[in-house]
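Heads up: numbering here begins at 1 and tracks the sequence. Both counts, for ligands and for their atoms, begin at 1 and track the order of listing.
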Amino acid sequence: MEKEPIIALDFPSWEQTKQFLAPFHQEQLYVKVGMELYLQNGPFIIEQLKKMNHRIFLDLKLHDIPNTVGQAMKGLAGLGVDMINVHAAGGVEMMEKAREGLEAGAKNGQRPILLAVTQLTSTSEKAMQADQLISVPLHDSVLHYAKKAKTAGCDGVVCSVLEAGAIRDACGDTFFKVTPGIRLKEGSADDQKRIADPAEARKIGSTAIVVGRPITKAADPVAAYHHVKALWGGQA
Ligand code: C5P
């Protein structure tokens with residue numbers, strides 16, 4: 001289990017990211033760079049965060065034909081990030097190529113951890129059935145994608161806390177369950193639908209939690225981070 005909650009750096013620019021990180025001083029963090037930040041600023045962002053010794057989850061959720069995803073992963077592996085992901089909906093062959101690409105591009109023989117996104121935590125069962133024409137319950141769809149991700153050689157999945165226990169039972173303890181959709185009991189859900197608090201995530205068996213707005217939009221982000229970290233670690 002990761003000790004640090006992974007902070008989602010959902011900002012448009014390096015300036016805003018730097019401003020957010022400044023009050024954390026020298027504290028070493030595990031941060032998530034998603035498409036908002038990466039697509040507007042590129043590898044520069046990763047270089048800066050690595051200079052600050054932060055660990056990095058590059059959350060680009062790749063989903064394309066197997067060859068394209070494989071080649072993209074080969075390039076991205078060279079950035080030296082710790083964790084990266086694809087959409088499981090891209091299929092087993094695409095996930096296999098993603099892993100092969102990471103292995104081919106890895107620096108010093110150390111490839112990033114590869115995760116597959118199952119169903120987004122902002123997706124409700126009703127929306128999944130209507131938009132994706134998947135008629136099984138959402139829980140079954142998530143479990144199905146997790147098994148496919150394991151078959152393809154992914155190290156784990158991104159899922160909601162609500163599915164983490166069933167995925168642990170089906171795919172094993174060492175299979176990563178990285179869970180966004182984390183909210184404090186007193187906070188707002190925003191656009192997230194399948195939510196849980198950090199203590200629930202710990203009890204159910206998340207490997208790592210991803211927390212964005214409950215920290216980034218807090219009046220005091222450093223205090224909010226330490227509160228989340230304490231709940232996640234079982235110290236609060
Ligand atoms: O602000 P919030 O805590 O909702 O941020 C959650 C982060 O996790 C966002 O960056 C979002 O893109 C990401 N994410 C998610 N659900 C997934 C995969 C990633 O919310 N299934």
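- Although no hydrogens or angles enter the test, the distance criterion places no donor-acceptor pair under 3.5 Å between the side chain of Asn108 and the main chain of Gln110.
- Counting only non-hydrogen atoms, the option in Lys61, Lys32, Arg183 that gets closest to atom 19 (C) of ligand 1 is Lys61.
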Item to complete: For Tyr30 and Phe57, run ring-ring contact (aromatic ring centres under 6.0 Å, His included): C-alpha distance rounded to whole Å, both residues' side-chain angles, the deciding distance at 0.1 Å, then the answer.
Response: CA-CA 8 Å; Tyr30 203 145; Phe57 170 18; 7.6 Å; no

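- Ser124 contributes a side-chain N or O that, together with a main-chain N or O of Ala127, makes up a donor-acceptor pair within less than 3.5 Å.
- Scanning all protein heavy atoms for the shortest distance to atom 3 (O) of ligand 1 gives Gly212 N, 2.8 Å.
- Not a single heavy atom of Asp190 sits under 4.0 Å from any atom of ligand 1.
- Considering backbone and side-chain N/O atoms, Val211 never comes within less than 3.5 Å of an N/O atom of ligand 1.
- Ion pair Glu96/Arg99 not flagged as a salt bridge, since none of the NZ, NE, NH1 or NH2 atoms sits closer than 4.0 Å to an Asp/Glu carboxylate oxygen.
- The proximity of Asp10 to ligand 1, defined as any non-hydrogen pair under 4.0 Å, is limited to the side chain.
- The shortest contact between atom 20 (O) of ligand 1 and any protein heavy atom is with Gln192 NE2, 2.9 Å.
- Remark: Lys18 engages Glu15 in a salt bridge, criterion side-chain N to carboxylate O under 4.0 Å.
- Annotation: atom 16 (N) of ligand 1 to nearest protein heavy atom, Thr121 OG1, 2.7 Å.
- With respect to the salt-bridge test (charged N to carboxylate O, under 4.0 angstrom), the residues Glu103 and Lys74 do not qualify.
- If you check which protein heavy atom lies closest to atom 14 (N) of ligand 1, you get Pro180 CG, 3.7 Å.
- The backbone N or O of Val161 lies less than 3.5 Å from no partner atom in the side chain of Thr179, so there is not a single donor-acceptor pair.
- In this structure, Pro214 counts as a contact residue of ligand 1, since one of its heavy atoms falls inside 4.0 Å of the ligand.
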